[in-house]
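I have a structure I would like to understand better, so I am pasting it below and will then ask my questions one at a time.
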Amino acid sequence: MRASLSVTLALAAGGFALPAPAQERIVVAGSALCEIVAALDATDRMVGRDTTCTYPESMADLPDMGYLRALSAEGLLSLNPDLILADVDAGPPETMELVAATDVPVVRVEADFTEAGVLARIDAVAQALGVDGGPLAAQVGAEFEALAEARGGSEPVRAMFILSAAGGRVLASGEGTAASGMLALAGAENAITGFEGYRQLTDEAITAAAPDAIVMMDRAGDHALDDAAIIAHPALGLTPAAQDGRIVRMDGVYLLGFGPRTPAAARDLMTALQE
């Protein structure tokens, strides 16, 4: 018997309601979903989470089912859940198909990297849990309103978001990404346009973009790029961002999660870009 359910933002915004669940053993895959579950005071019902669920810190006490996009059906089902709450990016697809073919309900929550998208995500998770998400949505909505007032009418900073720079090859955000959405919420303009998703840029494209600021995740390893490497890069070093030292790094889950902390993350990014 197949008991899979899918919640999309459109359905959530249209008032789609799931039957009141009795689920008390929930596995959650997706950092924003974990944060929403915590903000709805329902972590006591969680029995597992994926590696991206790092906030709040208490998530570390729960069994780790693996990385969001590299889950296994055995791992997801090993804790005998009666609900799997998963980000739309959870995978690989064959894993989610195997799980969806079992008797365990699977709720997939889509993402839209806007204010409305965050509020719809909260609504979708609250419906899946059978709890009232109104107070949390109202709180986050008020924070978005305060953010809009803080943005004011100032001239937007042209920023480039770099996802990775392994071997000096710059993988940057175009349109339709969480990074692009966060830049917009922070009152910045994405300096990279003309394509969707992430793409490796040529030196010529970087120089032509001439970003006033560079935004990156605060990370280590091969994908990281410190200030010295940015300045030494043949293209990045020529940008106004590098020459002015306007380089911003933030925690990746906080910056790109698009959960309840998004208004605060956007405000922090806005402040950093204006310094």
#### Entry: Separation of Leu163 CG from Thr177 OG1 (nearest 0.5 Å)
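If I round to the nearest 0.5 Å, the distance is 9.0 Å.
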
### Query
Are any of the side-chain heavy atoms of Val140 and Glu115 separated by less than 4.5 Å?
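A side-chain contact under 4.5 Å is absent here.
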
### Query
Are Ile231 and Met160 in one and the same hydrophobic cluster, where Ile, Leu, Val, Met, Phe, Trp and Tyr link if side-chain heavy atoms are under 4.5 Å apart?
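No, Ile231 and Met160 fall in different hydrophobic clusters.
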
### Task
Look up atom CG in Asp268 and atom CG in Leu255, then write down how far apart they are to the nearest 0.5 Å.
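CG of Leu255 is found 10.0 Å from CG of Asp268.
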
### Message
Looking at every non-hydrogen atom in both residues, tell me the closest pair between Ala266 and Leu147 and how far apart they are.
### Response
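Looking at all heavy atoms of both residues, the closest pair is CB-CD2, 3.6 Å.
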
### Query
Can you name the nearest heavy-atom pair linking Leu171 to Gln200, along with the distance?
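Scanning both residues completely, I find the closest heavy atoms to be CD1-N, 3.4 Å.
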
### Message
Any non-hydrogen side-chain atom of Val215 less than 4.5 Å from a side-chain atom of Met250?
### Response
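With C-beta onward as the side chain, the pair stays apart.
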
### Under-4.0 Å salt bridge between Arg249 and Asp227
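Looking at Arg249 and Asp227, the cut-off is met.
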
### Query
Can you tell me how far the NE2 atom of His233 sits from the CZ atom of Arg169, to the nearest 0.5 Å?
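So the gap between those two atoms works out to 10.0 Å.
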
### Query
If only atom types and distance count, is the side chain of Arg121 paired as donor or acceptor with the main-chain N or O of Ala32 below 3.5 Å?
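Side chain of Arg121 to backbone of Ala32, a donor-acceptor pair under 3.5 Å: no, none is there.
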
### Query
Yes or no on side-chain contact (heavy atoms from CB on, under 4.5 Å) for Asp212 and Asp244, after CA distance, side-chain angles and deciding distance?
CA-CA 8 Å; Asp212 299 315; Asp244 295 339; over 6 Å; no

### Note, Ile214 side chain near Leu225 side chain (heavy atom, < 4.5 Å)
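Heavy-atom side-chain distance check fails, nothing below 4.5 Å.
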
#### Entry: Residue Glu94 excluded, over 12 heavy atoms near CD under 6.0 Å
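Enclosed.
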
### Message
Main chain of Arg267, side chain of Thr271: is a donor-acceptor contact present, judged purely on distance under 3.5 Å?
### Response
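Confirmed, Thr271 side chain pairs with Arg267 backbone.
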
### Task
Go through Leu79 and Met65 one step at a time and tell me if the side-chain contact (heavy atoms from CB on, under 4.5 Å) criterion holds.
CA-CA 10 Å; Leu79 292 175; Met65 299 293 99; 3.7 Å; yes

### Message
Let me check something: do Leu119 and Phe113 share a hydrophobic cluster, defined by ILVMFWY side-chain heavy atoms less than 4.5 Å apart, either directly or through other members?
### Response
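Yes, one cluster joins them.
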
### Query
Quick one: are Val27 and Val47 in side-chain contact, heavy atoms under 4.5 Å?
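The answer is yes; the side chains approach within 4.5 Å.
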
#### Entry: CD1-CZ distance between Ile84 and Arg108, expressed to the nearest 0.5 angstrom
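If we round to the nearest 0.5 Å, Ile84:CD1 and Arg108:CZ are 10.0 Å apart.
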
### Query
With a 3.5 Å cut-off and no angle check, do the side chains of Asp251 and Tyr55 form a donor-acceptor pair?
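Judged by distance alone, the side chains do not pair up.
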
### Message
With clusters defined by side-chain heavy atoms of hydrophobic residues (ILVMFWY) lying less than 4.5 Å apart, directly or transitively, does Leu136 cluster with Tyr254?
### Response
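Shared cluster, yes.
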
### Query
Any link between Val88 and Leu71 through a network of hydrophobic side chains (Ile, Leu, Val, Met, Phe, Trp, Tyr) touching at under 4.5 Å?
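Val88 and Leu71: separate clusters.
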
### Query
Just wondering, do Pro260 and Ile36 contact through their side chains at under 4.5 Å, heavy atoms?
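Of all side-chain heavy-atom pairs linking Pro260 with Ile36, at least one is under 4.5 Å.
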
### Query
Does Thr239 reach the main-chain N or O of Ala210 with its side chain, forming a donor-acceptor pair under 3.5 Å?
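The answer is no, because no donor-acceptor pair under 3.5 Å joins these two groups.
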
### Task
Could you please spell out the steps behind the side-chain contact (heavy atoms from CB on, under 4.5 Å) verdict for Arg246 and Val157?
CA-CA 11 Å; Arg246 212 171 187 180; Val157 175; 3.5 Å; yes

### Query
Between the main-chain N or O of Asn80 and the side-chain N or O of Arg25, is there a donor-acceptor pair closer than 3.5 Å?
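Yes, the answer is positive, given that a donor and an acceptor are paired below the 3.5 Å cut-off.
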
### Task
Heavy atoms only: give me the nearest Leu273-Ala213 pair and the separation to one decimal.
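Closest approach of Leu273 to Ala213, heavy atoms only: CD2-CB, 3.6 Å.
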
### Message
Closer than 3.5 angstrom, by distance alone: can the side chain of Thr43 be matched with the main-chain N or O of Ala38 as a donor-acceptor pair?
### Response
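No, the answer is negative, given that no donor and acceptor are paired below the 3.5 Å cut-off.
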
### Task
Can you see which heavy atom on Val104 is nearest to which on Asp82, and at what distance?
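Val104 and Asp82 have their closest heavy atoms at CG1-C, 4.2 Å.
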
### Task
Indicate yes or no: at least one non-hydrogen side-chain atom of Ile162 is less than 4.5 angstrom from one of Leu236.
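Counting from C-beta outward, Ile162 and Leu236 do come under 4.5 Å.
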
### Query
Can you check whether Phe258 reaches Asp112 side chain to side chain, under 4.5 Å on heavy atoms?
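No, their side chains stay 4.5 Å or more apart.
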
### Message
If we ignore hydrogens and angles and just use 3.5 Å, is the side chain of Gln243 paired with the main-chain N or O of Leu238 as donor and acceptor?
### Response
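Yes, because the side chain of Gln243 sits within donor-acceptor range (under 3.5 Å) of the backbone of Leu238.
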
### Query
For Asp41, does the CG atom sit with more than 12 other heavy atoms under 6.0 Å from it, leaving out its own atoms?
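No, because the 6.0 Å sphere around CG of Asp41 holds 12 heavy atoms or fewer from other groups.
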
### Query
Is there side-chain contact between Leu183 and Leu269, with heavy atoms separated by less than 4.5 Å?
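When only atoms from C-beta onward are counted, Leu269 and Leu183 do touch, with a gap below 4.5 Å.
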
#### Entry: Euclidean distance, Leu33 CG relative to Asp50 CG, rounded to 0.5 Å
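Answer rounded to 0.5 Å: 9.0 Å.
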
### Query
Which atom pair, heavy atoms only, marks the closest approach of Asn190 to Gly174?
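Shortest heavy-atom separation between Asn190 and Gly174 comes out as ND2-O, 2.9 Å.
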
### Message
Measuring from atom CE of Met217 to atom OG of Ser164, what distance do you get when rounded to the nearest 0.5 angstrom?
### Response
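The CE atom of Met217 sits 8.0 Å away from the OG atom of Ser164.
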
### Task
Carefully, step by step, assess Thr262 and Phe144 under the rule side-chain contact (heavy atoms from CB on, under 4.5 Å).
CA-CA 9 Å; Thr262 293; Phe144 272 123; 4.0 Å; yes

#### Entry: Transitive ILVMFWY side-chain link Val253 to Met59, under 4.5 Å
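In one cluster: no.
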
#### Entry: Over all atoms of both residues, closest heavy-atom pair of Leu256 and Ala178
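Shortest heavy-atom contact: O-CB, 3.8 Å.
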
### Query
Taking 4.0 angstrom as the limit, do Arg69 and Asp87 come out as a salt bridge?
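Between Asp87 and Arg69 there is no salt bridge, as every charged N stays at least 4.0 Å from the carboxylate O atoms.
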
